[in-house]
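The structure appears below as structure tokens.
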Amino acid sequence: MSEFRRWWKEAVVYQIYPKSFYDSNDDGVGDLPGVIEKLDVLHHLGVDVLWLNPIYASPEVDNGYDISDYFALNPKFGTMDDLERLLAECHRRGMRVIMDLVVNHTSDQHRWFVESRRARTNPYRDYYIWRDGRDGREPNNWAGHFSQSAWTFDATTGQYYLHIFSPQQPDLNWENPAVRSEVQQIVRWWLEKGIDGFRLDAINLISKAPGLPDNPGEGRYVFSLQHFCNGPRFHEYMQELNRAVFAHYDIMTVGECAALTIEDAIAVSAPARGELNMAFLFEHTDYYNTVGRDEQKLKEILTRWQLGLHGRGWVGLAFSNHDQPRIVSCFGDETRYREESAKLFATLLLTLEGTPFIYQGEEIGMTNAYYDAIEAYNDVGTVNLYREKVAAGVDPQAAFREVRAKSRDRGRSPYQWSAEANAGFTRGRPWIGVNPNYVEINLAASLADPNSVFHYYRRMIALRKATPALIYGEFLPVEAPEELFVYRRSLGGRTYEVALNLSERTVRHASAGAALIGNYPEETHKDRLRPYEARVYQIE
Ligand code: GLC
């Protein structure tokens with residue numbers, strides 16, 4: 001491979017949320033043997049790398065993002081033998097597997113925390129962040145992601161511990177070299193087992209501002225990333241981990257970094273810095289989640305990142321994941337143009353610079369799931385927020401409507417395999433409700449229809465792999481009416497044009513070359529793009 005070519009840049013990643021993927025033993029929960037059973041269809045789709053959300057031992061307060069033992073698996077998912085079999089079966093097919101690495105925090109059931117909370121003098125005390133209260137209240141005004149305060153008082157020792165996420169996810173103290181050395185051991189142990197890399201959870205939260213100063217703002221609890229995101233030692237910690245472990249393996253590392261800017265992405269991914277291979281781009285999903293749907297903003301954000309990062313760093317690209325809504329539900333059309341819009345986003349994802357991540361179900365155009373009662377929800381953020389609102393006097397129905405609209409469970413409903421009961425996901429009772437639209441939207445139907453979303457993904461993946469310009473080429477924005485997103489990718493004298501209609505209107509657009517692929521069966525109109533039409537042309 002030449003200097004700038006890397007397998008992890010050319011790979012297409014498929015994210016598996018194991019709990020909702022495929023249940024092989026009828027307990028209602030997806031598992032590793034279930035993943036193994038379905039490998040052939042993923043291989044047929046053309047994906048190269050599987051990213052598994054956490055499968056480690058965990059009390060599952062946050063679906064495995066609260067780990068109680070990094071060297072053991074949650075028995076619901078299977079045994080270590082199952083995992084080894086999965087690795088072997090993937091490697092045999094030329095596929096790789098990356099795991100989630102959750103080391104900003106552990107579960108409160110982890111042995112380190114159980115020890116830590118015993119006594120102020122316990123050898124593990126300093127593995128976590130303990131502080132005295134201030135005037136009978138929390139040490140500072142930080143609000144948590146899944147709770148009002150980021151601090152919880154522990155009566156045994158009369159101090160508060162920090163948790164940016166739920167109270168059951170205490171933050172590790174990375175300032176302590178013993179913690180960093182434990183993390184190195186965990187990472188090395190898994191790489192020795194033969195996994196091919198990591199997705200590093202919430203990784204730019206590991207270094208906190210010295211002195212833990214208050215967030216700016218009024219009120220008892222103020223949410224802001226200011227003092228716990230991209231802290232002063234973040235890059236030093238990444239470089240240390242890279243030198244000690246990552247650099248010794250041919251692996252892929254991708255960071256989940258909150259509030260990432262282009263400059264941050266370069267700082268964490270530029271090869272010369274020796275940190276991670278890439279971080280996820282989230283500006284577009286953050287914008288959607290805070291402000292709402294805005295196609296102009298989507299184009300502006302993607303264009304700015306493509307231009308800003310080329311030759312300087314690398315990103316992971318995703319439109320959906322286990323924390324986000326489904327792409328057809330937020331930027332496409334769930335009803336009339338569901339298939340067209342799903343295919344349009346396949347075209348966009350697979351023609352930008354950056355490693356594409358497909359979230360399970362995206363390749364069949366799955367939509368957001370909603371449930372009728374709070375009891376049907378599992379997301380710790382949803383449930384905690386609901387409880388806090390009701391406790392504060394908000395009408396339960398109003399509180400429910402509010403939390404339901406943003407629940408992360410929107411994208412966590414079981415994979416829709418077929419039109420059989422429970423979408424063919426389980427013969428037991430699914431741990432979370434299936435989306436009733438599985439009767440029409442399912443893999444079996446998608447496989448049977450040569451024009452389906454699935455087969456379109458498969459063709460787009462193949463096109464990307466056969467076309468180095470789509471992976472490494474320069475990105476050139478093309479002037480176009482506001483409904484459209486048009487750009488070129490160019491490398492070594494070969495140029496491709498991507499034309500996407502992000503609207504439900506038919507819009508004039510003169511085709512610029514020979515169409516290689518499109519999401520309508522035929523290119524009947526060379527001078528216009530129909531609703532959500534997407535085309536890739538080769539420019540002569
Ligand atoms: C990341 C994960 C999310 C989890 C959180 C805490 O954002 O993607 O699912 O709740 O970190 O670990």
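Read the numbers this way: they start at 1 and go in the same order the structure lists the ligands and their atoms. Computed over heavy atoms, backbone and side chain alike; hydrogens, waters and symmetry mates excluded. Model, not experiment: these values are computed from the prediction.
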Look at ligand 1 and say whether [X] reaches it with a heavy atom at a distance under 4.0 Å.
X: R408; value: yes
X: Q324; value: no
X: H163; value: no

Less than 4.0 angstrom from a charged side-chain N to a carboxylate O is my criterion; do [X] and [Y] meet it?
X: D62; Y: R408; result: yes
X: D23; Y: K76; result: no
X: K9; Y: E353; result: no

Answer yes if the side chains of S407 and T382 hold a donor-acceptor pair under 3.5 Å, and no otherwise.
yes
Could you check [atom] against the protein and tell me its nearest heavy-atom contact, residue, atom and distance included?
atom: atom 10 (O) of ligand 1; answer: D62 OD2, 2.5 Å
atom: atom 7 (O) of ligand 1; answer: E256 OE2, 2.8 Å
atom: atom 8 (O) of ligand 1; answer: D323 OD2, 2.5 Å
atom: atom 2 (C) of ligand 1; answer: D201 OD1, 3.1 Å
atom: atom 5 (C) of ligand 1; answer: F165 CE2, 3.7 Å

Rounded to the nearest 0.5 angstrom, the CG-CZ distance for L344 and F331 is 11.5 Å
Tell me whether the NZ or CZ atom of [X] lies within the 45° cone about the ring axis of [Y] and under 6.0 Å from its centre.
X: R96; Y: W7; value: yes
X: K208; Y: F228; value: no
X: R131; Y: W151; value: no

Ligand-side contact atoms (ligand 1) for residue partner [X], heavy atom cut-off under 4.0 Å:
X: R199; value: 2 (C), 8 (O)
X: F146; value: 10 (O)
X: H105; value: 6 (C), 12 (O)
X: R412; value: 9 (O)

